[in-house]
Amino acid sequence: MILVAGSANLDFVVRAGHIPAPGETVLGHSLATHPGGKGANQAVAAARAGAATTHMLLALGADAHAEPLEQSLREAGVQAHIVRCADTATGTAFICVSDDAENAITVAPGANARLAPHHLPPLDGYSHLLMQLETPLPTVIAYARAARAAGVRVVLNAAPAQALDDELLALVDILIVNEGELTSIAGAGGRVRDALDRLRVPLVVVTLGARGCCARQAQQFLLQPGFSIEPVDTTGAGDTFCGVLVAALDRGAPLASALQSACAASALACTRAGAQTAIPDNATVERWLAAQPAPGDARMAALRAACGLDN
Ligand code: RIB
């Protein structure tokens, strides 16, 4: 059983030719709203991946933006523990998605900023606590401390990027980061491998976009090459990866197979618009994976080189 504690945002998404530079105005094509927020996206991904039971602790405002977020969690089968904040807005995110599927995101945290240490439910029965950094850092630390004391594995997706102190890192069992987040935590300089060597977390997984991902556990490196797709919208791809990875580990899958499912699900999520709307279920991922060619030596060699593991 998994508990996700984190953010929920209503995403306002404008598609445009390109993402505006500072001071630039761009005329977009369309506006859509989608349920989002890194925490809620990860909870939906875990539930659709077939995690036995996925619970989510989140905070929502008393406004019309809350209902579509609750509905999306409900429809995915996530059991929500909702902190209602009467005097603040539900979290929102303003996202520009370019024609080449890249995005730029600005979050107005609203109620997410109200999630506090005393809101954590009893942790009996949970195997994993999955968190991100869109809720206050003191709350994340307090939850990690409680989970460690209760014997629940602490999984941190350190997004959005920020420097983290050793107190939090010492409480984390599994850290999931992209390259930028890895640099913020481990410091700039060197290859992915060198940055990983500077971190003492037992299992660190680095997502590398279309190239795939790299995990380091007990001084061993595991690589999973990415899959070839035509991306439409990469929003929520990292969240899909996190939710699917934790769901697979929760049901006892070996790490290599959990990484493969997470990479496949996040690739598929890039082929549809929106965050939660694009997250595939387990059956879809399995079917798609079965039809994929083996990665081939060139892809594996490129990933090895990108991580600094080629010598
Ligand atoms: O990771 C994607 C998510 O980041 C979006 O859904 C947005 O709400 C922000 O939290």
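We number each residue from 1, following the sequence as shown. FYI, side chains are in, hydrogens and waters are out, and symmetry mates aren't considered; it's all heavy atoms of this structure.
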Exercise. Step through the shown structure and confirm whether more than 12 heavy atoms of other residues, nucleotides or ligands are within 6.0 Å of CD on Glu24.
Key: yes
Exercise. Any chance you could lay out the side-chain contact (heavy atoms from CB on, under 4.5 Å) test for Val154 and His128, step after step, and finish with the verdict?
Key: CA-CA 6 Å; Val154 176; His128 294 81; over 6 Å; no
Self-check item: Derivation and outcome, side-chain contact (heavy atoms from CB on, under 4.5 Å), residues Val83 and Leu115
Solution: CA-CA 7 Å; Val83 176; Leu115 209 59; 4.0 Å; yes
Quiz prompt | Distance (rounded to the nearest 0.5 Å) between Arg216 CZ and Leu309 CG | solution = 11.5 Å
Quiz item: Can we say Arg272 and Glu230 salt-bridge, meaning some charged N sits less than 4.0 Å from an Asp/Glu carboxylate O?
Solution: no
Quiz prompt | 4.5 Å side-chain heavy-atom contact, Thr235 and Ile95 | solution = yes
Quiz item: Residues in salt bridge (charged side-chain N to carboxylate O under 4.0 Å, His left out) with Arg114, at least two apart?
Solution: Asp87
Self-check item: Approximate separation, where rounding is to 0.5 Å, of Leu303 CG and Asp310 CG
Solution: 10.5 Å
Exercise. Return each pair, listed once, that meets ring pair (Phe, Tyr, Trp, His ring centres under 6.0 Å) where at least one residue sits in residues 168-222; pairs must be two or more places apart or across chains.
Key: none
Exercise. May I ask you to decide if Pro138's main-chain N or O and Tyr143's side chain share a donor-acceptor pair within less than 3.5 Å?
Key: no
Self-check item: Non-hydrogen side-chain atoms of Val26 and His18 separated by less than 4.5 Å
Solution: yes
Quiz item: What are the two closest heavy atoms between Ala147 and Leu129, and how far apart are they?
Solution: CB-CD2, 3.7 Å
Exercise. Ignoring hydrogens and angles, tell me if any N or O in the side chain of Thr183 forms a donor-acceptor pair with the backbone of Gly187 under 3.5 Å.
Key: no
Quiz prompt | Nearest-0.5 Å distance, CG of residue Leu255 to CG of residue Leu245 | solution = 7.0 Å
Quiz item: Any side-chain heavy-atom pair from Cys270 and Asp233 closer than 4.5 angstrom?
Solution: no
Quiz item: If you take all heavy atoms of Leu199 and Leu169, which pair is closest and at what distance?
Solution: CD2-CD1, 4.4 Å
Quiz item: Is the closest basic N to carboxylate O distance between Glu67 and Arg74 below 4.0 Å?
Solution: yes
Quiz item: Going only through I, L, V, M, F, W and Y residues with side-chain contacts under 4.5 Å, is there a path from Val192 to Leu259?
Solution: no
Quiz item: What residue pairs, at least two apart or across chains, pass ring pair (Phe, Tyr, Trp, His ring centres under 6.0 Å) with a residue in residues 21-68?
Solution: Phe12-His65, His55-His81, His55-Tyr126
Quiz item: For the side chain of Ser266 and the backbone of Ala262, is there at least one donor-acceptor N/O pair under 3.5 Å apart?
Solution: yes
Quiz item: Given the rule in the side-chain contact (heavy atoms from CB on, under 4.5 Å) test, do Val205 and Leu175 qualify, once you have shown the distances and angles that lead to the verdict?
Solution: CA-CA 6 Å; Val205 181; Leu175 179 69; over 6 Å; no
Self-check item: Ser72-Gln276 side chain donor-acceptor pair, cut-off 3.5 Å
Solution: yes
Exercise. Kindly indicate, with the supporting measurements, whether the criterion side-chain contact (heavy atoms from CB on, under 4.5 Å) is fulfilled by Val246 and Val4.
Key: CA-CA 10 Å; Val246 174; Val4 180; over 6 Å; no
Quiz item: Quick check: does any side chain N or O of Arg15 sit under 3.5 Å from a backbone N or O of Cys96, one acting as donor and the other as acceptor?
Solution: no
Quiz item: Where do Cys307 and Cys214 come nearest, in terms of heavy atoms and distance?
Solution: SG-CB, 3.6 Å
Quiz item: Can you tell me how far the CZ atom of Arg198 sits from the CG atom of Leu196, to the nearest 0.5 Å?
Solution: 9.0 Å
Practice problem: Tell me whether Leu133 is reachable from Leu120 by hopping between hydrophobic residues (I, L, V, M, F, W, Y) whose side-chain heavy atoms are closer than 4.5 Å. | Solution: yes
Quiz item: Linking Ile, Leu, Val, Met, Phe, Trp and Tyr by side-chain heavy atoms under 4.5 Å, what else ends up with Leu268?
Solution: Phe227, Ile229, Val285, Trp288, Leu289
Quiz item: If you count the non-hydrogen atoms of other residues, nucleotides and ligands that lie under 6.0 Å from CG in Leu31, is the total more than 12?
Solution: yes
Quiz prompt | Ile2 reachable from Leu171 in the ILVMFWY side-chain graph, under 4.5 Å edges | solution = no
Quiz item: Between Glu134, Gln42, Lys38, which is the residue that forms a side chain to side chain donor-acceptor pair (under 3.5 Å) with Asn157?
Solution: Gln42
Quiz item: Do Thr92 and Val107 come within less than 4.5 Å of each other through their side chains, counting heavy atoms only?
Solution: no
Quiz prompt | Heavy-atom closest pair, residues Asn41 and Gly236 | solution = ND2-CA, 4.4 Å
Quiz prompt | Co-membership, hydrophobic cluster, residues Leu10 and Val78, 4.5 Å side-chain | solution = yes
Quiz prompt | Under 3.5 Å donor-acceptor, Asp250 side chain and Met1 backbone | solution = yes
Practice problem: Determine whether Ile279 and Asp239 make a side-chain contact, defined as any pair of heavy atoms from C-beta on separated by less than 4.5 Å. | Solution: no
Exercise. Supply the atom-to-atom distance Asp281 CG to Arg287 CZ, rounded to the nearest 0.5 angstrom.
Key: 7.0 Å
Practice problem: Measure the shortest side-chain to side-chain distance between Gln224 and Cys213 over non-hydrogen atoms and say whether it is less than 4.5 angstrom. | Solution: yes
Exercise. Search all heavy atoms of Asp63 against all heavy atoms of Ala89 and return the closest pair with its distance.
Key: OD2-CA, 3.3 Å
Quiz prompt | Lys/Arg-Asp/Glu bridge criterion (N-O < 4.0 Å) met for Arg211, Glu179 | solution = yes
Exercise. Of all the heavy-atom pairs spanning Pro35 and Ala275, show the shortest one and how long it is.
Key: O-CB, 3.9 Å
Quiz item: Between Leu223 and Arg304, is any pair of side-chain heavy atoms under 4.5 Å apart?
Solution: yes
Practice problem: Report the distance from atom NE2 of His119 to atom OG1 of Thr135, rounding to the nearest 0.5 Å. | Solution: 12.0 Å
Quiz item: Is a donor on one side and an acceptor on the other found under 3.5 Å between the side chain of Thr271 and the backbone of Pro231?
Solution: no
Quiz item: Among Thr88, Asn9, Thr90, which residue meets the side chain to side chain donor-acceptor pair (under 3.5 Å) test with Asn112?
Solution: Asn9
Exercise. Write out all pairs satisfying salt bridge (charged side-chain N to carboxylate O under 4.0 Å, His left out) with one or both partners inside residues 165-177, taking only residues at least two apart or from two chains.
Key: Arg145-Glu167, Arg148-Asp173
Practice problem: Please name the residue in the list Ile185, Ile174, Val172 that meets the side-chain contact (heavy atoms from CB on, under 4.5 Å) test with Val201. | Solution: Val172
Practice problem: Could you state whether Leu249 and Leu222 fall into the same hydrophobic cluster, counting links through intermediate Ile, Leu, Val, Met, Phe, Trp or Tyr residues with side-chain heavy atoms under 4.5 angstrom apart? | Solution: yes
Practice problem: Supply the members, apart from Ile19, of the Ile/Leu/Val/Met/Phe/Trp/Tyr cluster built from side-chain contacts under 4.5 Å; use none for a lone residue. | Solution: none
Quiz prompt | Val13 vs Asn103 side-chain heavy atoms within contact, under 4.5 Å | solution = no
